[in-house]
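As C-alpha cells, the structure follows; a few thoughts come after it.
Here is how names work: the chains are called A, B, and so on, in the same order as the sequence lines, proteins then strands, and each is numbered from 1. Please read these numbers as outputs of a predicted model, since none were measured by experiment.
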Amino acid sequence: MPELPEVETTRRGIERHLHGRRVLALRVRERRLRQPLPRRLERALPGQLIREVARRGKYLLLGTDAGTVLIHLGMSGSLRIVAPGLPAQKHDHVDILCSDDVCLRFRDPRRFGLMLWVEGDPGRHALLRGIGPEPLGAGFDGAYLHAKARGRRAGVKLFIMDAGVVAGVGNIYANEALFRAGIHPQRPAGHVSAARYEALAAAIRAVLREAIAQGGTTLRDFYHGTGEPGYFRIRLAVYGREGEACVGCGRPVRCIRQGQRATYYCARCQR
DNA sequence: ACTGGCTCCTGAGGGC
DNA sequence: TGCCCTCAGGAGCCAG
C-alpha cells in the first residue's frame with residue numbers, strides 16, 4: 001500500500017531498531033517475489049553490521065560494508081519490527097534476524113515487492129540508476145519539471161508518476177497534488193506553463209510532507225507491531241471521492257482512467 | 001525518445 | 001452462502 005510517505009514512515013520506524021545492529025540470520029519462507037530472492041543475499045548478509053537505513057524513491061536500502069539490501073514494498077508489502085519468536089502469518093516471506101532480539105519481518109501478500117542484494121554503489125544499480133530527483137530534496141522544482149516536460153504529450157498526471165521524472169510520486173499523491181495546484185490531470189505535460197509547474201512542485205512537496213508528518217504519529221508503536229504507517233491520516237481532497245462534493249466548489253468529483261489507473265479530479269477547479 | 005498496454009499476485013467487495 | 005467479476009496505493013518491460 002505504500003507510497004513515498006509510507007515508505008519514509010517505515011524507514012524511520014525500522015531505522016531506530018536496525019541501525020548499528022548485526023544481522024545474525026535470515027529466515028526465508030517464500031522467495032518468489034517480483035524477482036526471486038537471491039541466494040547470494042542469504043549467504044552474504046549474515047554477520048554484517050547495518051550501518052544505514054536509507055530511502056531512494058520508494059526503495060529502502062539497508063547498507064552494510066559488504067553490500068546493500070534493496071527492498072521495494074510493491075503494492076501490498078510491509079516491514080515491521082517483531083520479537084524473534086513471534087509466529088509468522090501467511091505472506092510473511094522473510095525475516096532478518098538481528099542482534100538484541102530484533103527481527104525485521106517482510107510481509108507481502110501480492111508479492112509485487114522485491115528484496116535484492118547489491119554489491120558496490122547501489123545508486124548504479126539498474127533499478128535505481130534512472131530514477132529522477134527526490135521530490136523533497138534539492139534539484140526538484142517547477143523549473144526542472146517545466147524543462148523535463150518539453151515536448152511531452154502524455155497527461156501531466158502520468159508525467160509526474162513517471163519515476164524517471166521524479167522519484168516516488170504514486171497515484172494518490174499525484175491526484176491530490178494536481179487538485180491543489182488546480183491543474184487538469186489530462187492536460188498534456190508539455191502544455192503546462194512554468195508558473196503552474198512551480199505551483200505543482202510546491203503542491204507535491206506539501207502533500208508529501210503533510211503525509212509524512214501524519215504517518216510519524218504512528219511511529220511510537222512500530223516495535224510490537226500495531227504501528228502500520230498512517231496511509232489514511234491525511235485528508236484526501238479528491239482521491240477515492242467520485243461523486244462526492246469537491247471541497248473547493250461543491251461539484252461532484254469525477255473519476256476517469258489514465259494508463260489503467262484511477263484519476264480523480266474536479267472539472268471546474270482543475271483546468 | 002515517448003507512449004500506451006500488459007504483466008506479475010492475492011484479497012476485498014459488489015452483484016446476483 | 002457462494003460464485004464470478006472488477007478493482008487495488010507499483011513499476012518494469014515491450015512493441016510501435
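Remark: the separation of the P atoms in C:dA11 and B:dA1 is 23 Å, to the nearest Å. Between the C1' atoms of B:dT3 and C:dG9, the separation comes to 23 Å (whole Å).
Phosphate contact (OP1/OP2 of B:dT3, side-chain N/O of A:Arg153, threshold under 4.0 Å): absent. A:His91 has a side-chain polar atom (N or O) that falls below the 4.0 Å cut-off from OP1 or OP2 of B:dG11. Between C:dA8 and A:Arg257, a contact under 4.0 Å exists linking OP1 or OP2 to a side-chain N or O. Distances shown here put a side-chain N or O of A:Tyr239 below 4.0 Å from the OP1 or OP2 atom of C:dG9. Dashed line: the shortest gap from a side-chain N or O of A:Lys90 to OP1 or OP2 of B:dG11 is under 4.0 Å. Distances shown here put every side-chain N or O of A:Arg34 at or beyond 4.0 Å from the OP1 or OP2 atom of B:dC9. For A:Tyr59, a side-chain nitrogen or oxygen approaches OP1 or OP2 of C:dG12 to under 4.0 Å.
In this structure, the CD atom of A:Gln260 is 14 Å from the P atom of C:dG10, given to the nearest Å. In this structure, A:Ile131 places its CD1 atom 8 Å from P of C:dA11, rounding to the nearest Å. Rounded to a whole Å, the OH atom of A:Tyr173 is 10 Å from the P atom of C:dG10. Look at CG on A:Leu127: it is 12 Å from C1' on C:dC13, rounded to the nearest Å. Distance NZ (A:Lys148) to P (B:dA1): 11 Å, rounded to an integer number of Å. One interatomic measurement links the two molecules: CG of A:Leu73 to P of C:dG10, which rounds to 11 Å at whole-angstrom precision. The separation between A:Asp162 atom CG and C:dG12 atom P is 10 Å, rounded to whole Å. Following rounding to the nearest Å, A:Arg31 (CZ) and B:dC9 (P) show an atom-to-atom distance of 17 Å.
The residues A:Arg180 and A:Glu210 are annotated as salt-bridged, a charged nitrogen and a carboxylate oxygen being separated by less than 4.0 angstrom. The pair A:Asp162-A:Lys148 fails the salt-bridge criterion, with no side-chain N (NZ, NE, NH1 or NH2) lying under 4.0 Å from an Asp/Glu carboxylate O.
Residue-to-nucleotide proximity on DNA chain B shows that, of A:Leu158 and A:Pro109, the 5′-proximal contact is made by A:Leu158. Where A:Arg150 and A:Gly259 each meet DNA chain B at their nearest nucleotide, the meeting point lying more 5' is that of A:Arg150.
Side-chain atoms of A:Arg110 come within donor-acceptor range of the base of B:dC9, with a qualifying N/O pair under 3.5 Å.
Nucleic acid contact class of A:Arg152 (heavy atoms, under 4.0 Å, all strands): sugar-phosphate only. Using a 4.0 Å heavy-atom cutoff across all strands shown, A:Ala154 reaches sugar-phosphate atoms only and no base atom.
Of the nucleotides present, C:dG16 is the one that pairs with B:dC2 by Watson-Crick or G-U wobble criteria, both distances under 3.5 Å. Under the Watson-Crick or G-U wobble criterion, with both distances below 3.5 Å, C:dG9 has no partner in any strand shown.
When all heavy atoms are compared, the tightest approach of A:Pro133 to A:Val166 is O-CG2, 3.5 Å. Residues A:Ile204 and A:Ala177 share a closest heavy-atom pair of CG1-CB, 3.6 Å.
Among A:Leu18, A:Ile96, A:Ile71, A:Asp108, the single residue meeting the side-chain contact (heavy atoms from CB on, under 4.5 Å) criterion with A:Leu79 is A:Ile71.
Judged by centroid separation below 5.5 Å and plane tilt below 30°, A:Phe112 stacks onto the base of B:dC8.
Within the 4.5 Å cutoff, the side chain of A:Met115 has heavy atoms near those of the A:Leu41 side chain.
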